[in-house]
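Throughout, a chain's letter reflects where its sequence line sits, starting with A, and its residues are numbered from 1.
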Protein chains: 2
Amino acid sequence: MPGTDRYQQHRAQAIRAAASVFSEKGFHGATTRDIAERLGIKQGSLYYYFRSKEEALEEVCLFGIRDYVLRMDQIAASDQPFEAKLMAVLTSHLSSYRERNEALKVHNDERLYLPSGKRTRLKELGTHYREKLEHIFEEGVADGTLRDSLDCHFAAQSVIGICNAWGDIIVRDPDLDMFAVIQKCADLLLDGFRERRGADSAAVADSGHG
Amino acid sequence: MPGTDRYQQHRAQAIRAAASVFSEKGFHGATTRDIAERLGIKQGSLYYYFRSKEEALEEVCLFGIRDYVLRMDQIAASDQPFEAKLMAVLTSHLSSYRERNEALKVHNDERLYLPSGKRTRLKELGTHYREKLEHIFEEGVADGTLRDSLDCHFAAQSVIGICNAWGDIIVRDPDLDMFAVIQKCADLLLDGFRERRGADSAAVADSGHG
DNA sequence: GCGCCATTCTATAAGCCTATAGAACCTTTA
DNA sequence: TAAAGGTTCTATAGGCTTATAGAATGGCGC
């Protein structure tokens, strides 16, 4: 029954199972039987935890999202130099991909199938996330770390794009060194690819990972 | 009948309709009725053009892909300075997104549902694409345009990630100025975000689109 | 041992989907 | 106008899916 501890734990398991199956087969491709099997129960029993297949999708899409956005808030509000904030954002974003593996893959594709209310709520969270990141970049411009000509909206969107692209790769290849990827992302974002004769272009704050 | 010109034209229309519906609803979410309706015919008639729903997906996934990869080959083989090649790649990649709109969205997600033979073929094409881009970067390092420390594999993957992220945005917002996005991508990739006192950081080859 | 309640099971209704078969329609050519 | 063949239509079989109803199971306090 909703309320007991055991119930909540089992329900969380069910959400994970649904996330896993949705991300493999897509929302419509996944059947309630698939989800139940992954969970080790029978198809009909699933309805003890979800009112419908759609409710399962809703839960999957919101699973952990709040933590993730909250972390961005904390980084944005923190008192660190720009480079450290950037590293923190990259780390948080890419770590989330590893931690929440299936769920995140679902967010990218399957939110299509959410009822429009939940869909706009998710979109709002995404916008909030981008705006916070944008704000970090604006600070970087203000304090002279970043070039004046930087389009902060473009910058924020691009960083999210890069993180998502690498997130997908990181999820699929567990052996990949995430911190190496983070470091290279930071190098790219701060200093670009171009050769600079007589300039030290590896000046990214070492955050102590390895 | 396969062979006649009219048939081939109508079949291409059917592929487009399928692409459009698949990208909206996903492979399993799309019904043959949806596709037929978008095309203006009845559900059963679709089977005059496709042996099955899966065959429709195959056609969608391969639609135009060859042209797209071929263009990368041409750019890679061309005799232009690095900056020009980079601009050409960005332009080609992002233009493809606009041109082939729905089909490309499908490639990213729905290829899951392809029979494994077709799936690996697509993957090969993707790998080929990335390797060519990687090669362009290696040349850039060799001729001194790019820094020696650049990880070309990382660079190629990141550029593709950025292009795909912006491609998604460009497709959804027809008013967005694609060439402005391309220019900013090039700025980011070549010179990064960091302020450089006393350096001209806007030195990207003007390819004549402004 | 007994009753209680949470959890899972079985069985099934009702609906939708793909694919096929064969009729109907339309266009071209003679 | 008639014949031929390309294109689309109607109708339907057969299978799979979600969601519900109600029975069975298992642990726990007494």
Query raised in the report: Got a donor-acceptor pair under 3.5 Å from the side chain of B:Q43 to the base of D:dA11?
Result: no
Report task. For D:dT18, take OP1 and OP2 only and decide whether either is under 4.0 Å from a side-chain N or O of A:K53. Result -> yes
Query raised in the report: Between A:R51 and A:T31, which is nearer to the 5' end of DNA chain D once each is assigned its nearest nucleotide?
Result: A:T31
Query - Donor + acceptor pair across side chains of A:H93, A:Y68 (<3.5 Å) - result: yes
Query raised in the report: Below 4.0 angstrom from OP1 or OP2 of D:dC9, is there any side-chain N or O of B:S45?
Result: yes
Report task. For residues A:V181 and B:F154, report the shortest heavy-atom separation together with the two atoms involved. Result -> O-CE1, 3.9 Å
Query raised in the report: Rounded to the nearest Å, what distance is computed from the CZ atom of residue B:R6 to the C1' atom of nucleotide D:dT8?
Result: 10 Å
**Report entry** Distance, rounded to the nearest Å, where A:Y48 contributes OH and D:dA21 contributes P
**Finding:** 16 Å
Report task. Find the distance A:Y47:OH to C:dA11:P and express it as a whole number of Å. Result -> 19 Å
**Report entry** Of A:H135, A:K132, A:H128, the residue whose pairing with A:M72 passes side chain to side chain contact (heavy atoms under 4.5 Å, CB included)
**Finding:** A:K132
Requested in this report: For A:F22 and D:dT18, give me the distance from atom CZ to atom C1', rounded to whole Å.
Outcome: 12 Å
Query raised in the report: Which of the following nucleotides, C:dT18, D:dT8, D:dT18, is nearest to the side chain of B:Y49?
Result: D:dT8
Requested in this report: Taking the side chain as every heavy atom from C-beta outward, state whether B:P115 and B:E58 have any atom pair closer than 4.5 Å.
Outcome: yes
Report task. Could you walk me through whether A:K53 and A:F22 pass side chain to side chain contact (heavy atoms under 4.5 Å, CB included), step by step? Result -> CA-CA 11 Å; A:K53 190 183 171 191; A:F22 286 157; 4.3 Å; yes
Report task. Provide, to the nearest angstrom, the distance between the CG atom belonging to A:D34 and the C1' atom belonging to D:dT18. Result -> 13 Å
Report task. Answer yes or no: does a side-chain N or O of A:H10 lie under 4.0 Å from OP1 or OP2 of C:dT8? Result -> yes
Query - Length of the line joining A:H28:NE2 and C:dC16:P, which is rounded to integer Å - result: 15 Å
Report summary line: note: A:I35, atom CD1; D:dT18, atom P; distance rounded to Å ~ 8 Å
Query raised in the report: Roughly, in whole Å, what's the span from CZ in A:F50 to C1' in D:dT20?
Result: 18 Å
Query raised in the report: NA contact type, A:A30, heavy-atom cut-off 4.0 Å: base, sugar-phosphate, or nothing?
Result: sugar-phosphate
